[in-house]
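This report refers to the structure that appears directly beneath it.
Only a predicted model underlies this, so the values are computations on that prediction, with no experimental measurement involved. Read the numbers this way: they start at 1 and go in the same order the structure lists the ligands and their atoms.
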Amino acid sequence: MDNKKTSDSQTIFQNKWDAELYDSKHSFVSQLGTDLVELLAPQSGESILDLGCGTGYLTNKIVDSGAKVVGIDNASTMIEQARKNYPNLIFEVADATNLHFTEQFDAIFSNAVLHWIKEPEKVIVSIWQALKPGGRFVAEFGGKGNVKAIVTAIYQAIQAAGYPINESKNPWYYPSIAEYGTLLEQAGLELTFAMLFECLTPLEDEKGMENWLKMFADSFLNTFPIEQQMTIVSDIEKQLYPTLYKNGIWFADYKRLRVIAIKN
Ligand code: BEZ
């Protein structure tokens with residue numbers, strides 16, 4: 001994904017699908033998903049799709065169970081890195097809203113990805129098609145209220161810098177249990193478990209919030225002049241410092257939605 005450039009072709013924001021940056025600074029996203037692999041409870045011999053596999057960390061954890069796993073991601077940079085990290089595993093570039101597999105899977109797993117796709121109905125139809133009857137869908141992603149403090153601070157800082165709020169620049173879809181459960185059930189996937197929970201998540205270091213904003217929140221800010229981008233980031237940090245900075249570490253106010261659904 002390319003960043004839009006400012007009028008003088010500068011941006012402080014980076015490509016969020018820069019696989020090396022992701023592995024070095026934001027690997028916590030995958031590491032947090034280890035619990036979700038336990039919930040998936042993969043069995044030896046099962047066929048499993050890892051939807052939004054990133055650089056392959058959790059795909060490899062699932063493979064440890066003896067399951068046959070295919071990892072997919074729509075970012076070719078992530079798939080290239082995943083293939084380098086785990087040369088013996090299967091990874092493909094694919095679009096979650098439009099999956100085309102000839103064989104169906106026993107389970108579909110997805111961690112920290114679905115909040116990036118603003119067409120949940122299409123993803124759910126794809127998941128239904130790719131699952132065997134009785135197959136399970138196990139996912140975790142940002143739920144209603146995810147990074148609320150950060151988004152509020154972003155909007156306030158943009159306004160303080162003299163720009164209007166443009167909601168369409170918000171890249172995320174954060175549904176409630178009721179909203180997502182309804183979509184699943186409408187598509188023929190029976191919701192058997194759902195949990196929306198707060199998950200205050202430590203970021204890497206003193207620059208954690210700045211790096212997080214650069215990696216994930218670029219779409220809000222990358223059209224502004226470079227000096228304004230820096231002013232806005234400092235303002236966001238100033239606002240969040242009292243609540244999300246503790247003992248030298250920044251935290252993100254994640255709120256995760258975890259679901260299990262079974263294909264009828
Ligand atoms: C999340 O995992 O909830 C998340 C990650 C990046 C940006 C926004 C949310």
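Neither the backbone nor the side chain of V147 has a heavy atom within less than 4.0 Å of ligand 1. For F141, no heavy-atom contact with ligand 1 is shorter than 4.0 Å.
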Between R83 and E80, is the salt bridge (Lys or Arg N to Asp or Glu O under 4.0 Å) condition met? List the steps. CA-CA 5 Å; R83 286 179 178 147; E80 275 163 32; over 6 Å; no
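A donor-acceptor contact shorter than 3.5 Å links the side chain of W250 to the backbone of E206.
Sorted by first and then second residue, the side chain to side chain donor-acceptor pair (under 3.5 Å) pairs involving residues 172-188 (not counting sequence neighbours) are N146-Y174. Identified under the side chain to side chain donor-acceptor pair (under 3.5 Å) test for residues 91-101, with sequence neighbours left out: D95-T97, N98-H100.
Ligand 1 places these atoms under 4.0 Å from at least one heavy atom of R256: 1 (C), 2 (O), 3 (O). Annotation for ligand 1: atoms under 4.0 Å from non-hydrogen atoms of W212 are 7 (C), 8 (C).
For a threshold of 3.5 Å applied to N or O pairs, the pair formed by W116 and ligand 1 contains no separation below that value. No N or O atom of Y174 sits closer than 3.5 Å to an N or O atom of ligand 1.
Taking 4.0 Å as the cut-off between side-chain N and carboxylate O, E198 and K148 do not count as a salt-bridged pair.
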